[in-house]
Amino acid sequence: MSTISTHYGQWISQFNWSHIATIRLHYKLTETSAQRLGQRIISSPKEISRLFYSVEKDSYDNMNHMHLLLESTAHTLSRKDVAQAAGLSRNPKAISFIQEVDSKKAVSMYTTKYIGNPNVYYGIEDKACYNYY
């Protein structure tokens, strides 16, 4: 891990993450498409109040995947819930992994481990920013 990824992970670990998830699509995610997915999830009616995402290159091919940290008041979020929020309800298997967070520090460090490397996209979205109208 680089110094910037370590510091980013420490900062991200201060939030109340409840779930970690991974999105794998049949096409390569770009910085723009990752940002759109994040905005779609946070503006959905689901009980997701904050989201951090990072997009990393797969080690075995030229594709990539998107890690999500979700802050939710819902006790459980299912693969189907996240797929619907992301606009992927026709393909819930695109959410290849979802689990409740055991350690905020561990998931924060894991999802930020490649920040600072080329072609790693990341961002944070907060529902409060979308409810100001």
Side-chain angles (χ1 to χ4, degrees):
M1 291 182 77
S2 68
T3 302
I4 190 167
S5 64
T6 300
H7 288 294
Y8 213 97
Q10 291 169 344
W11 177 69
I12 289 295
S13 71
Q14 297 176 43
F15 295 102
N16 294 319
W17 306 118
S18 59
H19 295 80
I20 182 170
T22 303
I23 297 178
R24 289 186 183 281
L25 299 172
H26 63 279
Y27 56 88
K28 191 170 183 176
L29 286 162
T30 64
E31 188 170 4
T32 303
S33 62
Q35 184 179 28
R36 279 192 206 125
L37 273 172
Q39 290 171 345
R40 198 177 303 144
I41 292 168
I42 202 67
S43 62
S44 77
K46 298 292 178 191
E47 298 174 20
I48 300 169
S49 56
R50 185 173 289 123
L51 143 76
F52 172 78
Y53 66 88
S54 62
V55 178
E56 304 173 358
K57 185 180 180 324
D58 290 336
S59 60
Y60 51 85
D61 61 19
N62 197 28
M63 296 296 283
N64 53 20
H65 58 279
M66 184 174 182
H67 291 295
L68 303 173
L69 291 178
L70 304 161
E71 186 177 303
S72 175
T73 56
H75 291 290
T76 60
L77 284 175
S78 68
R79 174 178 280 138
K80 183 179 176 182
D81 292 331
V82 177
Q84 285 177 339
L88 301 169
S89 56
R90 288 185 163 182
N91 186 14
K93 290 182 181 179
I95 312 304
S96 61
F97 174 83
I98 185 162
Q99 180 177 311
E100 290 184 26
V101 168
D102 292 326
S103 166
K104 293 186 300 182
K105 184 173 182 178
V107 297
S108 297
M109 299 309 278
Y110 179 75
T111 56
T112 61
K113 66 187 173 288
Y114 292 122
I115 288 179
N117 291 357
N119 300 319
V120 174
Y121 319 122
Y122 57 94
I124 191 164
E125 302 284 345
D126 192 308
K127 191 163 272 197
C129 296
Y130 288 86
N131 292 332
Y132 59 86
Y133 293 106

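Using the six-membered ring where Trp is involved, Trp17 and Phe52 have ring planes that are tilted, between 30° and 60° apart. Ring geometry for Tyr122 versus Tyr8: interplanar angle over 60°, hence perpendicular rather than tilted (30 to 60°).
When hydrophobic clusters are built by joining Ile, Leu, Val, Met, Phe, Trp and Tyr residues whose side-chain heavy atoms come closer than 4.5 Å, directly or via intermediates, Tyr110 is grouped together with Leu69. Met109 and Val101 are not part of a single hydrophobic cluster, where members link through side-chain heavy atoms under 4.5 Å apart. Following chains of ILVMFWY side-chain contacts shorter than 4.5 Å, one can reach Val55 starting from Ile95, so the two form part of one hydrophobic cluster. If you chain together hydrophobic residues whose side chains sit under 4.5 Å apart, Ile20 and Leu68 never meet in one group. Hydrophobic clustering keeps Tyr53 apart from Phe15 (ILVMFWY residues linked when any side-chain heavy atoms are closer than 4.5 Å, directly or through intermediates).
Taking all atoms of both residues into account, the shortest heavy-atom contact from Ile48 to Ala85 is CD1-CB, 4.5 Å. Smallest separation of non-hydrogen atoms from Ser108 and Gly9: CB-O, 3.4 Å. Pairing each heavy atom of Asn16 with each of Glu71, the nearest pair is O-CG, 3.1 Å. Shortest non-hydrogen contact noted between Ser18 and Ser72 is OG-N, 3.0 Å. Minimum interatomic distance between Leu88 and Ala94 (heavy atoms only, all atoms of both residues): CD1-CB, 4.1 Å.
Under 4.0 Å is where a charged nitrogen must lie from a carboxylate oxygen, and between Glu56 and Lys113 at least one such pair does.
Residue Leu70 holds its CG atom at 12.5 Å from CD of Glu47, rounded to the nearest 0.5 Å. To the nearest 0.5 Å, atoms CD1 (Ile23) and NE2 (His65) are separated by 11.0 Å. Taking CZ from Arg50 and SG from Cys129, the interatomic distance works out to 9.0 Å, rounded to the nearest 0.5 Å. To the nearest 0.5 angstrom, Leu77 atom CG is 11.0 Å from Gln84 atom CD. Here CG of Leu51 is found 12.5 Å from CZ of Arg40. Values are rounded to the nearest 0.5 Å. Remark: Met63 CE to Leu25 CG distance equals 7.5 Å, nearest 0.5 Å.
A donor-acceptor pair is defined here as one N or O able to donate and one able to accept, closer than 3.5 Å; no such pair exists between the side chain of Lys93 and the backbone of Arg24. Under a 3.5 Å cut-off, the side chain of Ser33 and the backbone N or O of Leu29 do not form any donor-acceptor pair. The closest donor-acceptor contact from the side chain of Thr22 to the backbone of Phe97 lies at 3.5 Å or more, if one exists at all. Under a 3.5 Å cut-off, the side chain of Ser2 and the backbone N or O of Ile115 do form a donor-acceptor pair.
A 6.0 Å sphere centred on CD of Glu31 holds no more than 12 heavy atoms belonging to other residues, nucleotides or ligands.
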Between Leu37 and Met66, is the side-chain contact (heavy atoms from CB on, under 4.5 Å) condition met? List the steps. CA-CA 10 Å; Leu37 273 172; Met66 184 174 182; 3.9 Å; yes
Trace of the side-chain contact (heavy atoms from CB on, under 4.5 Å) decision for Asp81 with Thr76: CA-CA 9 Å; Asp81 292 331; Thr76 60; 5.8 Å; no
